[in-house]
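All remarks here apply to the structure that follows.
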Amino acid sequence: DCTLDGRVLYTPDGTHLVTHPEQALSITCERLVLVENFETFRHLLSYRWIRWGAAATLVLYRGDPEHPNQHAAHVVQNRSEPVTGFFDFDPAGLMMAQTIPSDRFEGFILPAPSWLRAACDTPHGRQLYDRQVGVYGAALDAISAPLIREPWAFMKSLASAVAQERMRSA
């Protein structure tokens, strides 16, 4: 339900709109969702467990070496709508929320805790967590914002993580 120049924007699952950051600032919407991984971004509608509600939502791909993430950051920083993060459930994913203005950050899109607990219970999930906790753990421990602290405490209790792509089956 987002619009640009008075026209409704529509992108079927598996497609996306590419625009310059300045033009993205002209899109009318009610909230933003920032997505970490490109494949998840492209197939977001297949994550059927996500409840979108009635708000017109502009979904932004965070970026990578081929698609610079400063473009998405520029759009997020220069808009005023609330922002939700959909990132990997790992320490790096939780740290990505720090790039969102704290007064507009509404939390993470995550599957139910019971699903996360089961999905994290894998050797790969524990390896993913172990590789990142040394890099991001102290910084996450220092964050006082409840919207980040609570998922971090849960993740630490699991000592494991799960990638966004696995969340499709939640």
Side-chain angles (χ1 to χ4, degrees), residues 11 13-16 31-53 55 57-77 81-170:
T11 54
D13 194 33
T15 69
H16 58 279
R31 70 178 185 155
L32 305 175
V33 171
L34 189 60
V35 178
E36 176 179 359
N37 297 313
F38 188 65
E39 284 306 307
T40 299
F41 172 76
R42 285 186 53 228
H43 298 286
L44 198 55
L45 294 179
S46 66
Y47 289 69
R48 303 239 183 259
W49 55 271
I50 297 175
R51 302 291 172 240
W52 293 101
T57 304
L58 177 60
V59 179
L60 300 168
Y61 171 52
R62 181 179 172 273
D64 59 34
E66 292 179 29
H67 305 91
N69 61 8
Q70 72 266 21
H71 292 203
H74 175 78
V75 173
V76 169
Q77 295 294 328
E81 298 84 5
V83 184
T84 305
F86 186 29
F87 309 126
D88 290 339
F89 183 67
D90 61 15
L94 296 184
M95 280 302 296
M96 287 178 194
Q98 287 292 95
T99 66
I100 299 169
S102 61
D103 62 326
R104 294 178 32 233
F105 180 60
E106 291 197 327
F108 298 97
I109 294 175
L110 290 170
S114 59
W115 187 92
L116 283 171
R117 184 176 288 108
C120 284
D121 191 16
T122 66
H124 177 70
R126 286 183 285 281
Q127 290 169 353
L128 180 60
Y129 177 84
D130 289 343
R131 278 195 312 265
Q132 294 183 11
V133 72
V135 177
Y136 301 107
L140 286 165
D141 285 338
I143 293 173
S144 61
L147 292 175
I148 299 173
R149 285 191 66 76
E150 290 169 13
W152 172 231
F154 181 56
M155 186 185 301
K156 283 195 325 186
S157 75
L158 301 172
S160 193
V162 64
Q164 255 185 335
E165 293 83 358
R166 287 213 42 228
M167 294 181 198
R168 187 181 295 196
S169 65

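- Ring geometry, Tyr47 versus Phe86: the interplanar angle exceeds 60°, so the pair is classed perpendicular (tilted spans 30 to 60°).
- At a threshold of 4.5 Å between non-hydrogen side-chain atoms, the residues Trp152 and Ile143 do not count as touching.
- A salt bridge does not link Arg131 to Asp90: none of the charged side-chain nitrogens sits closer than 4.0 Å to a carboxylate oxygen.
- Two residues are said to be in side-chain contact when any heavy atoms from C-beta on lie closer than 4.5 Å; Leu58 and Glu81 fail this criterion.
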Q.
One pair to check against side chain to side chain contact (heavy atoms under 4.5 Å, CB included): Met155 and Leu140. What are the steps and the verdict?
A. CA-CA 11 Å; Met155 186 185 301; Leu140 286 165; 5.9 Å; no
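- Looking at heavy atoms from C-beta onward, Leu110 lies out of side-chain contact with Trp115 at the 4.5 angstrom threshold.
- Proximity of a side-chain donor or acceptor of Arg31 to a complementary backbone N or O of Ala55 within less than 3.5 Å is not detected.
- When the side-chain contact (heavy atoms from CB on, under 4.5 Å) test is applied to Asp103, the partners found at least two apart in sequence or on another chain are Pro101.
- In this structure, the side chains of Phe105 and Gln98 stay at 4.5 Å or more apart for every pair of heavy atoms.
- In this view, Pro113 and Phe154 satisfy the side-chain contact (heavy atoms from CB on, under 4.5 Å) rule, not counting sequence neighbours.
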Q: Evaluate the criterion side chain to side chain contact (heavy atoms under 4.5 Å, CB included) for residue pair Phe108 and Ile148; output intermediate values, then yes/no.
A: CA-CA 8 Å; Phe108 298 97; Ile148 299 173; 4.2 Å; yes
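- The structure places OG1 of Thr15 at 9.0 Å from CG of Leu45, a figure rounded to the nearest 0.5 Å.
- Formation of a donor-acceptor pair under 3.5 Å by the Arg62 side chain with backbone atoms of Gly85 is not found in this model.
- The distance from the CZ atom of Arg166 to the OG1 atom of Thr122 is 5.5 Å, given to the nearest 0.5 Å.
- Looking only at side-chain heavy atoms (C-beta outward), His71 and Tyr61 stay at 4.5 Å or farther from each other.
- Taking a cutoff of 4.0 Å between a charged side-chain nitrogen and a carboxylate oxygen, Arg126 and Asp121 qualify as a salt bridge.
- At a threshold of 4.5 Å between non-hydrogen side-chain atoms, the residues Asp88 and Met167 do not count as touching.
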Q.
For a side chain to side chain contact (heavy atoms under 4.5 Å, CB included) check, start with the C-alpha distance between His16 and Val59, then their side-chain angles and the critical distance, and finish with the verdict.
A. CA-CA 10 Å; His16 58 279; Val59 179; over 6 Å; no
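- If you take CG on Leu32 and CD1 on Ile100, they are separated by 9.0 Å, rounding to the nearest 0.5 Å.
- Separating the CZ atom in Arg48 from the OG atom in Ser46 is a distance of 7.0 Å, to the nearest 0.5 Å.
- When side chains are defined from C-beta on, Gln77 does not count as touching His74, because their heavy atoms never get closer than 4.5 Å.
- Between the side chain of Arg149 and the backbone N or O of Asp141, at least one donor-acceptor pair lies under 3.5 Å.
- Proximity of Trp49 to Ile109: side-chain heavy atoms (C-beta onward) are separated by under 4.5 Å at one or more points.
- In this structure a side-chain-to-backbone donor-acceptor pair under 3.5 Å is missing from Gln164 to Thr40.
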